[in-house]
Amino acid sequence: MTDSSVKTETAERSAGHRSAQLTFVFSSIGHFFFHYLAAMYFTIVISLAVAWDRPFHELIELWTPAALLIGLAALPAGRLADTWSAPGMMIIMFLGMGAATAACAFAGGDLSLLILLGLIGLFGAIYHPVGISWLIRESDSHTGKKLAINGVFGGLGAAAAGGFTGLLLKFFDWQLAFLIPGVICTVTGLAMLWCLVTGRLSDGAAVTDGPDAASTTDQRKSVTGSGNLQAFLLLLFPMFCLGLVYNTMQAGLPKLFEEGLVGLLDGDLAAVGGMVAAVYIVGAVMQLAGGYLADRYSLKSVYLLCWALQVPVLVLIALSGNIILFTAAMFITVLNNASLPAENMMLARFTPQTHHGVAFGVKYVLAFGAGPLGVFLIAQVREATNSFTPLILGLSVLAALAAISIFLLPGSARTSEQAEARPAPAE
């Protein structure tokens, strides 16, 4: 091999590593912005109800089309990523969500706010089927760990949606609570576009150095698998349930804390936002534990454990208040987040790699399609009972059914990382 060819190969490998690193960075930042921009309205709406002198249950329903679009648009978004460009779709997400969020600051009534929130949902639908499958495709090892770190960013986004939004509402107003994060998201999209145009970011596969290069394909196969239609179909139910539990709790948690933590917070919106932020920060960090477990143990066992524990925790949320309510809310968020690396790795394994975008699109049609159902249920149950208790008890029953369906899944083979961590059993 000549010196020039060696230099060319080294340059290509370096460019591949840089692109892979930028993929991880923008995928993680995108996860943060999705969860921030998709959750901040649930804190803003408390202030908006006062500013517009409107009932909470009427204004919370304005998010319903957005929640619906987050689910329905996920499948075509995933398909476009498969057939066109994953980074291109991510840039559209950053720019679209950012511009729509900033524009919400100038909404003058229900209709304009409804449309702009809907656009947040439409562009936000891109992230999960594109950003997660893109990250998995680029991964050559420790996929659970990478998904967990990415998930931490998502959890921090949900936390900031409560905490940072609460501070903006305390020191400014609901308009700046929309405008500031919208502008920052848009600027991030422009930065990613620059990286793509200048060749720093590509849609290629990750590159591995040295002796590990030969095993990259095998490692990816250990994560992606060749497909299992029956298992994929069975996995759809717990994925829907997780979406319903997560989205319902996310939409209702600020109001639940405002009422259920009255002895601790006394209705202070900044304090409410801070408590919501604390819940999601802990949940985000604990996703690292979920990734650690997913890399080393049976994915089915990890996923099943996370679901089984949600049943008693949801009952506690429904029936308790103050410090017990806060602790239980933190645990439900921990369990939701900790289950995600195992869930995503199982989905990738049950689906051929060439259809990852579509498969993850189906997942998030279900997961985020459950969002509008959660908002609808909150509005209806609140109007009928002025309480969250019946709804959350219903979610505990759903969690039990999800655990049963996971028990029926086929046992999943260990990844290469799991095989290294534990010796294979004797035949």
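In what follows, residues are counted from 1 in the order of the sequence shown. No experiment lies behind these values; they were computed from the predicted model shown.
Ile406 is not listed as a side-chain neighbour of Leu235, based on a closest heavy-atom distance of 4.5 Å or more. Between Phe257 and Leu325, the closest side-chain pair of non-hydrogen atoms falls below 4.5 Å. Between Pro65 and Leu114 the shortest side-chain heavy-atom distance falls below 4.5 Å. You'll find the side chain of Thr43 stays beyond 4.5 Å of the side chain of Val276, heavy atoms only. A 4.5 Å side-chain heavy-atom check between Met90 and Tyr127 finds at least one atom pair inside the cut-off.
In this structure a side-chain-to-backbone donor-acceptor pair under 3.5 Å is present from His31 to Asn150. Checking side-chain atoms of Tyr303 against main-chain N and O of Pro341 turns up no donor-acceptor pair under 3.5 Å. Using modelled atom types, no side-chain atom of Lys363 and backbone atom of Leu347 make a donor-acceptor pair closer than 3.5 Å. Judged purely by atom type and a 3.5 angstrom limit, Ser396 uses its side chain to pair as donor or acceptor with the backbone of Leu393.
Here side-chain hydrogen bond (donor to acceptor under 3.5 Å, both in side chains) pairs that include residues 181-197, with residues two or more places apart or in two chains, number zero. For residues 21-39, the set of pairs meeting the salt bridge (charged side-chain N to carboxylate O under 4.0 Å, His left out) definition, not counting sequence neighbours, is empty. Residue pairs meeting the side-chain hydrogen bond (donor to acceptor under 3.5 Å, both in side chains) criterion with at least one partner in residues 58-71, sequence neighbours excluded, are Arg54-Glu58.
Across His35 and Gly154, no two heavy atoms sit closer than the pair CB-O, 3.2 Å. What you find for Tyr36 and Leu168 is that their closest heavy atoms are OH-CD1, 4.3 Å. The shortest non-hydrogen separation linking Ala251 to Pro254 is O-CD, 4.0 Å. Here the closest non-hydrogen pair linking Phe32 and Ala160 is CZ-CB, 3.9 Å. The two residues Gly189 and Phe94 make their nearest non-hydrogen contact at CA-CB, 3.3 Å. Taking each heavy atom of Arg200 and Thr198 in turn, the nearest pair found is NH1-OG1, 2.9 Å.
Distance check, rounded to the nearest 0.5 Å: CG of Leu314 to CG of Leu395 gives 6.0 Å. Put simply, CG on Leu293 and SG on Cys306 are 7.5 Å apart, with the number rounded to the nearest 0.5 Å. Between Leu253 atom CG and Ile332 atom CD1 the span is 11.0 Å, to the nearest 0.5 Å. Between the CZ atom of Phe388 and the OG1 atom of Thr248 there is a distance of 10.0 Å, given to the nearest 0.5 Å.
For Asn336, the side chain to side chain donor-acceptor pair (under 3.5 Å) test picks out Gln310, with sequence neighbours left out. Considering only residues two or more places apart in sequence or on other chains, Ser301 meets the side chain to side chain donor-acceptor pair (under 3.5 Å) condition with Ser298. With sequence neighbours excluded, no residue satisfies side chain to side chain donor-acceptor pair (under 3.5 Å) with Thr333.
For the side chain to side chain contact (heavy atoms under 4.5 Å, CB included) with Val334, the qualifying choice from Val279, Val282, Leu309 is Val282, the only one to do so.
Cation-pi geometry between Lys255 and Phe56 is satisfied (NZ or CZ under 6.0 Å from the ring centre, within 45° of the ring normal).
Taking the six-membered ring where the residue is Trp, His128 and Phe34 present perpendicular rings, their angle passing 60° and hence far from 30°.
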Is there a side-chain hydrogen bond (donor to acceptor under 3.5 Å, both in side chains) between Thr165 and Tyr41? Walk through the geometry before answering. CA-CA 9 Å; Thr165 302; Tyr41 182 66; over 6 Å; no

